[in-house]
Each structure stands twice: as structure tokens, then as C-alpha cells.
Number of protein chains: 2
Amino acid sequence: MFLSKSFGYALRGVLYIALVDKEGRKVQLDEIAEKLSVPRHFLAKIMKMMVKEGILSSTKGPYGGFYLNEVTLKTKLIQLVKITDGVEQFNICVLSLRKCNSKNPCPLHFQMLKLRDGMLAEFSAKKLGDLLDEKNPDFIKTISTIA
Amino acid sequence: MFLSKSFGYALRGVLYIALVDKEGRKVQLDEIAEKLSVPRHFLAKIMKMMVKEGILSSTKGPYGGFYLNEVTLKTKLIQLVKITDGVEQFNICVLSLRKCNSKNPCPLHFQMLKLRDGMLAEFSAKKLGDLLDEKNPDFIKTISTIA
DNA sequence: CCCATAAAAGACATTGATATCTTTTTAATA
DNA sequence: TATTAAAAAGATATCAATGTCTTTTATGGG
Ligand code: FES
Ligand code: FES
């Protein structure tokens, strides 16, 4: 609705890695792309960004792949937005006018503000780990079924 | 943030027309485009859509222009979204997965649902007329100042 | 009836997000 | 150290949203 596809790919990618992490193995790009039905090369770009930002780890070479690190599951959703879309997302005027602020509100400003702050609060509170439903054997489906 | 620029242009265009309507005159495209700093031809396309949908009127030729009709100010915001972006906007999964529904929720579904329903409620309740602050002499500024 | 004006219509251009492909670097292990 | 697997890097392609330009149609006034 307002987050980019990149954000969705990133989130789903991490969650998938977290799932197989329980089996104690790394995951390679091809596997993630295939299981999630996501374009391989585009996903590569996004995974790379997360690695660079440190919320995920990877090793190259044979038996390489992506894997969780200490911070992965503690990472806030807002952090992921920051990486893929930029937090400005949360401070853009709904009418594409000036930077949104209450001193100089557009006609929809106050209607939007409450809703947007709610969203921001959610994203600032929730961690990646909170989204992982380890009890649900079909969890994989909830991140892989497309349109 | 999640509504297109088209929506913003449409809304601002109508509000501008409503403002000068008090002076009892029609408004021509050039004037709206200039006052709102919006690309002329693109605005034309959007105004045309609103006319076709009947929430705004226009006449061609000399002394022609756009003007309010009986339904304009009673039009709900959601109706405007329908015209410019389509209401599906409000039913898209935030992760670009399947069509969003609670039977088959993505990991962010329930976090988003409440917020989105709030937004939908707002847009279904508010009318264009509700946004018009006729008491504010600087209202024009609140719809014209860009980024 | 003719002219000028302005909206309607639609062809065309630009841009940014998304997606693909190719080359380079790194790392395991034989 | 040679081989090879896989991520990193970056060049290129596609597509939809946004924006521009040109032609057509309708209208009012002379
Ligand atoms: S100024 Fe428009 S949403 Fe805040
Ligand atoms: S299924 Fe993803 S937001 Fe509802």
C-alpha cells in the first residue's frame, strides 16, 4: 500500500532465512528466490543491502550463503524501512506538498497524522523476530504465496 | 505516502475551484495549474476524469472553465481515490502478496489492518466540503505550497 | 457564419521503481 | 595453488506512473 516491493522482499527474505536457520544451515540466494517466487537478481540486490547494514550476514564461496546474526531478529521493522525505502516515507505529505508538519498543515494533515503516527509506532516497536510464527507449520506459506 | 500525486492534484484542484467559486466565477485550467504549481497538461487529464465522473463540471469555449456542481462538495474523499487511484489501494497487502484478507494473513496483516481500516473510515466519512476552510484567509497557501 | 478560446482527447516523452544479465571478488577444499 | 561455488558489484532492460505536446471538439461573440 505504501511500502515498496523491495521492503516486502527484504522482510520475506529474512523471515525465510530465520525459518531454515532452525535447521542450522545457511541459505543461498537461489533457494530463497525460488521458495518465495521473487526475482533472483533483484533479491540479490536487496539482500546485499541488508548485509551491508549489518542486520544479516553472508559468506561467499562454496557452502556460502546468508544467515542470521545476533542483531537480525532484534531488528525493528522501521530499520528495514530505512534500508529499503528510507524513513522519509513516514514524513511525506499525503498531498505531495511541502514536508509534512503541523505548523503548516495541508487540508488532510490532521486526518493523516494520527494514522501515520500509529503506523510509525508499530514499526518502531515490532522486531523481525516478533513476526516469526515458529509454531505455525505453514508459516512458510504466509510469506511465499503471491497475488 | 500511499496516494498518487494524481489524487493530490485532483483534491487541490477541486479545492481551488471551490475557493474562487465564492467569487461566482469559473476557473480555467491555466489559472489552476499556475496557482497550484502543477503541470498543466497532466492536471488537464485529471480534471477531465473528475468531470467525466460528474463530481465537477466544465464548459468549453471562451469564458469556459471548470466550476462546482451540486455534488462536488458532498463528494466523499474515497470517491476521489476511486477516480484517481482505485479503491483497491485499500485492499492491497503491504507485502505485495496475495490480495489482503484475514483468512490468509501475511506476517504484517493484523498490524496493518487496524490502521488501514481507520484510514478507510476517514476517507469514507470526509467530504470535499469538509476540507474547505473558508475562514482561513490563507487557505490558498495550504493547497499551493510545494515541497 | 466565422473567429477565437478553452476543454477534450489522445499521442508521445520522461522518470523512477523494478527486474535481469554479466563480470568481479571471495572463500572452501582438494 | 587450482578449481569452483557463491555472493558482490554494477551495467543494462522493462514497465508503470508521471508529465508534455498536438490535434480535435465545443462554445460564445462578433
Ligand atoms: S502537511 Fe499534508 S499530510 Fe501533513
Ligand atoms: S495479507 Fe498482507 S496486509 Fe493483509
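Chain letters run A, B, ... following the sequence lines, proteins first, then strands; residues in each count from 1.
One atom, NZ of Lys26(B), and another, C1' of dA26(D), lie 13 Å apart when rounded to the nearest Å. Following rounding to the nearest Å, Leu29(A) (CG) and dA7(D) (P) show an atom-to-atom distance of 6 Å. Taking atom CZ of Phe7(B) as the reference point, atom C1' of dT18(D) lies 17 Å away to the nearest angstrom. At whole-Å resolution of the value, NE2 in His41(A) and P in dA13(D) are 15 Å apart. In this structure, CD of Gln28(A) is placed 12 Å from P of dA8(D), rounded to the nearest angstrom. Here the P atom of nucleotide dA6(D) and the CZ atom of Phe66(A) are 12 Å apart, to the nearest Å. Taking atom CD of residue Glu34(A) and atom P of nucleotide dA6(D), one finds them 14 Å apart after rounding to whole Å. Across the protein-nucleic acid pair, Phe42(B) atom CZ and dA9(C) atom P stand 17 Å apart, rounded to whole Å.
Closest to the Lys45(A) side chain, of the nucleotides dG19(D), dA26(D), dA19(C), is dA19(C). Nearest nucleotide to the side chain of Tyr63(B), out of dG29(D), dA7(C), dT18(C): dG29(D). Checking dT18(C), dA8(D), dA7(C) against the side-chain heavy atoms of Ser4(A) singles out dT18(C) as nearest. Considering only the side chain of Pro62(A), dA27(C) comes nearest among dA19(C), dA7(C), dA27(C). Checking dA28(C), dA7(D), dT27(D) against every side-chain atom of Lys60(A), the shortest atom distance belongs to dA7(D).
Separation of atoms CG (Leu131(A)) and CZ (Arg12(A)) is listed at 13.5 Å; rounding is to 0.5 Å.
A heavy-atom distance below 4.5 Å is not found between the side chains of Ile32(A) and Arg40(A).
With no hydrogens or angles considered, a side-chain donor-acceptor pair links Lys35(B) and Tyr16(B) at under 3.5 Å.
Minimum interatomic distance between Asp130(A) and Ala125(A) (heavy atoms only, all atoms of both residues): OD2-O, 4.2 Å.
Looking at Glu88(A) and Lys82(A), no side-chain N of the basic residue comes within less than 4.0 Å of a carboxylate O on the acidic one, giving no salt bridge.
Lys48(A) comes within contact range of at least one nucleobase, with a heavy-atom separation under 4.0 Å. Tyr9(B) comes within 4.0 angstrom of the backbone, heavy atoms only, and of no base.
Applying the 4.0 Å criterion to OP1 and OP2 of dA6(C), one finds that Ser58(B) has every side-chain N and O outside that range.
In terms of position on DNA chain C, the residue among Gly61(A) and Leu43(A) whose nearest nucleotide sits closer to the 5' end is Leu43(A). Where Thr59(A) and Pro39(A) meet DNA chain C, the nucleotide closest to each residue was compared, and Pro39(A) sits on the side nearer the 5' end.
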